[in-house]
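Read through the structure below, which is laid out as structure tokens, and then see the notes.
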Amino acid sequence: MAFGDGPDDLALDLAWKQFCDHLRTAGRSAFKDANPATPLQRADAFRFLTQNLGQAFDLALETKDPAFPQIHAFTTPTMKLGGDVADFTYRQAWIDGAHAYRLTGRKGTARWLNVTVQGPRPDLIPGTDWPSLHEPFGDVPECNILGARIEADAEGRFELFVGGEARPRNWLPTTPGSRKLFIREAFDRWDETPTTLTIERIGMGTPRPLPDPARMIEAMDWAGRFLTGLMRDWPEHSWATSRGVCDPTARNRFPADKTANDASDARRGRMAAHMVWHLEPQEALIVEMDMHPGFWIFGMGGAFAGSMDFLHRPVSYTPARTCVDGDGVVRLVLSQDDPGVHNWLDTQGFSDGNLTYRNLLTQDAATFRTLLVPRDALMAHLPADTARVSRAEREAMLLTRYRAIKQRYAI
């Protein structure tokens, strides 16, 4: 048998060629103006693309059938997708409003868990002229349940139902437009454990059908558009549309009056703010925030807004892992090399990137201040009681991080 002997050979071949064209177009975006023309960051752009090439058909095909749902982790230590923050885990499952589902799991000890039903994905962000973010994002949250509201037995085991007839507890309704479950978990201490989850459609009694040529062609198209979309949209889409992002040309400072905090953010269970930074090798950036109650996270991202190497490097901080100065101020230091302060954010050699702030559980407003200083004069701009660490202490901190992240992802 040869090419052309099958009735769908020409259509499959054309779909594959179009997918490869999408991939080629996506690669060109590695050279966009928003990505600095440095060797590390050009290479990182292609790493970002290839990481998502690795999951493109998981999203487009292997987990896509809502009649046979699967939970898919779309960010991991080796797979980043724009806007992810280091101390979150992100999972999703494709669903629809025609079926009912059962999630079975066991609660971990992470400080925050949110399960959201996502509805239709409009072409434009509601109320704006801005196009929606690329797939699988851009859909509108319909309802959510926080982990604290999920009832479990004494050992933490639970069932959560999605869709179908209303239930008095552990239930999320769906609509005809429901299309996805979005599951986020956030961690504070290094010893916190993740929630285990699996999903099934209620009434599943037959095997999943094998993909036919039409389904494969559809998946190739979805995967190609996913790859071009993510390389096109990050980071510019967030600059244009997020209420928590300042003018990207106003580098090294958080917006004074822009915080993502509306009804849709409430369903997402968080407030957010975002800073674009630029540092020369001989510079350091001090970020200050007046300490406030609640559960907040700072996380570093690269030029495409994907999280930095949180498995191996100190690129995120939470209340349990942050030293607060005697004057009640949290001070973080961004620099390329280790300055010996406890709250160091490693730029991993990048000249440009993003720093994201998330506030969960409370509505406390954060006040940010930043100061760009010469690297060799850093300590003169920090309080005398700034927590310091030795080289051995830093190595121990990195090893603790490494082991905790591996536990979160079961790797």
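Not measured: the values here are computed from a predicted model.
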message: Take a 6.0 Å sphere around CD1 of Ile411 and say whether it holds more than 12 heavy atoms from other residues, nucleotides or ligands.
response: yes

- prompt: When you measure from the side chain of Lys80 to the backbone N and O of Phe48, does any donor-acceptor pair fall under 3.5 Å?
  reply: no

message: Is it the case that over 12 heavy atoms from other parts of the model lie below 6.0 angstrom from the CZ atom of Arg403?
response: no

- request: Indicate whether any N or O donor in one side chain lies under 3.5 Å from an N or O acceptor in the other, for Thr193 and Thr109.
  value: yes

query: Under 3.5 Å, side chain of Asn354 to main-chain N/O of Val276, donor-acceptor pair present?
result: no

message: Does any part of the side chain of Asn343, heavy atoms only, come nearer than 4.5 Å to the side chain of Tyr317, both counted from C-beta?
response: yes

query: So, His72 and Thr63: side-chain donor and acceptor under 3.5 Å apart, yes or no?
result: no

query: Do you see a donor-acceptor pair shorter than 3.5 Å between the side chains of Arg401 and Ser316?
result: yes

task: Go through the side-chain N and O atoms of His134 and Asp233 and say whether any donor and acceptor fall under 3.5 Å apart.
output: no

message: Are the side chains of Pro173 and Val117 in contact, using a 4.5 Å heavy-atom criterion?
response: no

query: Within the side chain of Ser29, is there an N or O that forms a donor-acceptor pair under 3.5 Å with the backbone of Lys32?
result: no

message: So Val140 and Ile125, do their side chains get closer than 4.5 Å, heavy atoms only?
response: no

query: Looking at Glu288 and Val329, what are the two nearest heavy atoms and their distance?
result: CB-CG1, 3.9 Å

message: Does Arg179 form a side-chain contact (heavy atoms from CB on, under 4.5 Å) with Arg121? I'd like the steps, not just the answer.
response: CA-CA 9 Å; Arg179 69 170 210 150; Arg121 181 180 179 273; 3.7 Å; yes

message: So, applying side chain to side chain donor-acceptor pair (under 3.5 Å) with Arg331, which one of Thr386, Asp325, Thr322 is it?
response: Asp325

- line: When rounded to the nearest 0.5 Å, the distance separating CH2 of Trp277 from CE of Met275 is 8.5 Å

field: Salt-bridge contact Glu151-Arg169 (side-chain N to carboxylate O under 4.0 Å)
entry: yes

message: Just verifying a value: how many Å separate Leu345 CG and Leu334 CG, rounded to the nearest 0.5 Å?
response: 5.0 Å

- prompt: Can you tell which of Phe187, Tyr409, Trp112, Phe74 makes a ring-ring contact (aromatic ring centres under 6.0 Å, His included) with Phe88?
  reply: Trp112

message: Does Asp123, at its CG atom, have more than 12 non-hydrogen atoms belonging to other residues, nucleotides or ligands within less than 6.0 Å?
response: no

query: Checking Lys64 side chain against Ala219 main chain: does a donor-acceptor pair fall under 3.5 Å?
result: no

message: Within the 4.5 Å heavy-atom criterion, are Leu355 and His274 side-chain neighbours or not?
response: no

- prompt: Does the side chain of Thr370 come under 3.5 Å of the side chain of Asn252 through a donor N or O and an acceptor N or O?
  reply: no

- request: Flag the pair Phe57 / Phe226 as yes when their ring centroid distance falls below 6.0 Å, and as no otherwise.
  value: no

Donor-acceptor contact below 3.5 Å, side chain Ser132 vs main chain Pro122: yes

- prompt: How about Tyr402 and His312: are their ring centroids closer than 6.0 Å?
  reply: yes

Nearest heavy-atom neighbours spanning Gly163 and Thr174: CA-OG1, 3.5 Å

- prompt: Got a sec: does the CD of Gln282 have more than 12 other heavy atoms crowding it under 6.0 Å?
  reply: yes

query: Tell me, do Leu40 and Gln348 make a side-chain contact under 4.5 Å, heavy atoms counted?
result: no

query: Counting heavy atoms not belonging to Arg208, are there more than 12 under 6.0 Å from its CZ?
result: yes

- line: For Val341 and Arg394 the tightest heavy-atom approach is O-NH2, 2.5 Å

- prompt: Are the side chains of Asp8 and Ile217 in touch, meaning some heavy atoms are under 4.5 Å apart?
  reply: no

message: I'd like to know if the side chain of Gln70 and the backbone of Glu62 have a donor-acceptor N/O pair within less than 3.5 Å.
response: yes

Closest approach of Leu103 to Leu181 (non-hydrogen atoms, all atoms of both residues): CD1-CD1, 3.6 Å

- request: Please report the closest heavy-atom contact between Asn144 and Arg149, naming both atoms and the distance.
  value: O-NH1, 3.4 Å

query: Between atom CE of Met289 and atom CG of Asn359, what is the distance when rounded to the nearest 0.5 Å?
result: 8.0 Å

- request: Check the angle between the aromatic planes of Phe137 and Trp234 and answer parallel, tilted or perpendicular using the 30° and 60° thresholds.
  value: perpendicular

task: Ignoring hydrogens and angles, state whether a donor on the side chain of Ser178 or Gln118 is under 3.5 Å from an acceptor on the partner side chain.
output: no

message: Once salt bridge (charged side-chain N to carboxylate O under 4.0 Å, His left out) is applied, what residue pairs with a partner in residues 93-109 remain, sequence neighbours excluded?
response: Arg102-Glu159, Arg102-Glu200

message: Pair Thr89, Thr75 - check side-chain contact (heavy atoms from CB on, under 4.5 Å), show working.
response: CA-CA 7 Å; Thr89 59; Thr75 65; 5.9 Å; no

message: Less than 4.5 Å apart, side chain to side chain, heavy atoms only: is that true for Leu53 and Leu227?
response: yes

statement: Rounding to 0.5 Å, atoms CG (Asp352) and CG (Leu279) come to a distance of 8.5 Å

query: Just wondering, are more than 12 heavy atoms of other shown residues or ligands nearer than 6.0 Å to CG in Asp212?
result: yes

- request: Over all heavy atoms of both residues, which pair between Pro69 and Trp94 is shortest? Give the atoms and the distance, please.
  value: CB-O, 3.8 Å

- request: Could you tell me whether Arg225 and Asp221 make a salt bridge, using a distance below 4.0 angstrom between a side-chain N and a carboxylate O?
  value: yes

- request: Could you verify whether a donor N or O on one side chain and an acceptor N or O on the other, from Asp188 and Thr318, lie under 3.5 Å apart?
  value: yes

message: So Tyr357 and Phe254, do their side chains get closer than 4.5 Å, heavy atoms only?
response: yes

query: Any donor-acceptor pair under 3.5 Å linking the side chain of Trp344 with the backbone of Ser335?
result: yes

- prompt: With distance as the sole test, does Trp222 use its side chain to make a donor-acceptor pair with the main-chain N or O of Glu135 at under 3.5 Å?
  reply: no

message: Atom CZ of residue position Arg28 - does it have more than 12 heavy atoms of other residues, nucleotides or ligands inside 6.0 Å?
response: no

task: Using the side chain to side chain donor-acceptor pair (under 3.5 Å) rule, collect all pairs that involve residues 38-52, keeping only residues at least two apart or in two chains.
output: Gln41-Ser351, Asn52-Gln55

- prompt: Just how far is it from atom CZ of Arg388 to atom NE2 of His342, taken to the nearest 0.5 Å?
  reply: 13.0 Å

- prompt: Okay, side chain of Arg201, backbone of Ala67: is any donor-acceptor separation there less than 3.5 Å?
  reply: yes

Option among Arg321, Arg184, Arg358 that satisfies the salt bridge (Lys or Arg N to Asp or Glu O under 4.0 Å) test with Asp87: Arg321

message: Checking the side chain of Thr228 only, and the main-chain atoms of Gly224 only, is there a donor and an acceptor separated by less than 3.5 Å?
response: yes

Polar contact flag, side-chain donor to acceptor under 3.5 angstrom, Glu185-Thr195: yes

Tabulate below the donor-acceptor pairs under 3.5 Å that side-chain atoms of residues 296-306 make, not counting sequence neighbours, or state none.
none

- prompt: Which distance, rounded to the nearest 0.5 Å, do you find between the CG of Asp346 and the CG of Asp338?
  reply: 8.0 Å

